[in-house]
J.: 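Next up is a structure, given as structure tokens.
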Amino acid sequence: MEAMAVIVALMFAVFVALGVIAVVRSVRAVKRGVDRTVTQARRTVEDTRLKAKQYVQPGAPGEVAELRLSLRTSMRATQEALRAAAPDDPSLSEALALFKRLSTHGQEIDADLKRLEAEPDKARVAGSLPELRERVERVTHSADSLRWAAQDRARQFADDDLAVLSEQIRMEAGALRHWTTEEEPQAAPTGAGAGVGGGTGSAGVGAEGATAPEAEPERPAITARDAWRQPGYSWQKTRRPESTT
């Protein structure tokens, strides 16, 4: 009885531990989802503000907003492209490492632009813009180069795979159209050839004892596949038999 109680207590403790682990994982997943949503919302709000400021405020403030928007857009597009292609192409690990280092410089430039955006001295803003513009162009050019190279690499892999697949389909289509049939056996000679040199007696024997020519063997028919046993695809409609009501 005591052993049964111990077993029940252990099972209860295991169930409680599993429940706690499941709850903790669920909470962490929800927290990650909320953090991701909040980050995306903040990013959208910031981009919208920069776009509005770019068109509403002319001069140096508008140019600062334009530089920040260009930098953020290029870096985000490159990050998404590399992360999307990295699981299928391990060779992009080095590109991801380089982009991580480039992101550090991009964040520093964005922080400088953000401080310059709040600078009340317009002369200082105008004097700092050329250097910051050059740094932004260098960073965005590097980010764009990584993104375009990754996209070209993925496109080339897709083209190569499509070429190989097309060749395999061509060979398979040729194999499916290739069939062989048995040659027709030649018919045995009849008529005059059988009676030559036989005279009247040979003719009598030929009339009674000659064997009939062998029947022509039936050619193997090329039958279609049973449509009811074929694996269906999502774009095919399954036909119903006529007997089905």
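Heads up: numbering here begins at 1 and tracks the sequence. Heavy-atom basis, side chains included; hydrogens, waters and symmetry copies ignored.
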J.: Taking side chain as C-beta onward, heavy atoms only, is M11 less than 4.5 Å from V14?
T.: no

J.: Got D160 and V164 here, is their nearest side-chain heavy-atom distance under 4.5 Å?
T.: no

J.: Without swapping roles, check the side chain of S74 against the backbone of S70 for a donor-acceptor pair under 3.5 Å.
T.: no

J.: According to the side chain to side chain donor-acceptor pair (under 3.5 Å) rule, which pairs have a member within residues 162-173, sequence neighbours left out?
T.: E167-R170

J.: Kindly indicate whether the side chain of R138, heavy atoms from C-beta on, has any atom under 4.5 Å from the side chain of S142.
T.: no

J.: Are any of the side-chain heavy atoms of D144 and R147 separated by less than 4.5 Å?
T.: yes

J.: Heavy atoms only: give me the nearest L92-A150 pair and the separation to one decimal.
T.: CD2-CB, 4.3 Å

J.: Under the rule for salt bridge (charged side-chain N to carboxylate O under 4.0 Å, His left out), what residues qualify as partners of R153, not counting sequence neighbours?
T.: D89

J.: Just wondering, are more than 12 heavy atoms of other shown residues or ligands nearer than 6.0 Å to CZ in R124?
T.: no

J.: In sequence, state the C-alpha distance, the side-chain angles, and the governing distance for D110 and Q107, and then conclude on side-chain contact (heavy atoms from CB on, under 4.5 Å).
T.: CA-CA 5 Å; D110 186 68; Q107 292 171 0; 5.6 Å; no

J.: What's the separation between atom CD in E117 and atom NZ in K114, rounded to the nearest 0.5 Å?
T.: 8.0 Å

J.: So, T78 side chain and A143 main chain: donor-acceptor pair closer than 3.5 Å or not?
T.: yes

J.: Calculate, to the nearest 0.5 Å, the distance between atoms CZ and CD belonging to R135 and E108 respectively.
T.: 7.0 Å

J.: With rounding to the nearest 0.5 Å, note down the distance linking CG in L69 to CZ in R72.
T.: 8.0 Å

J.: Through direct or indirect side-chain contacts below 4.5 angstrom among Ile, Leu, Val, Met, Phe, Trp and Tyr, which residues connect to L113?
T.: V64, L67, L71, M75, L82, L96, F99, L102, I109, L116, V125, L129, L132, V136, V139, L146

J.: If only side-chain N and O atoms count, and only distance matters, is there a donor-acceptor pair under 3.5 Å linking D152 with Q156?
T.: no

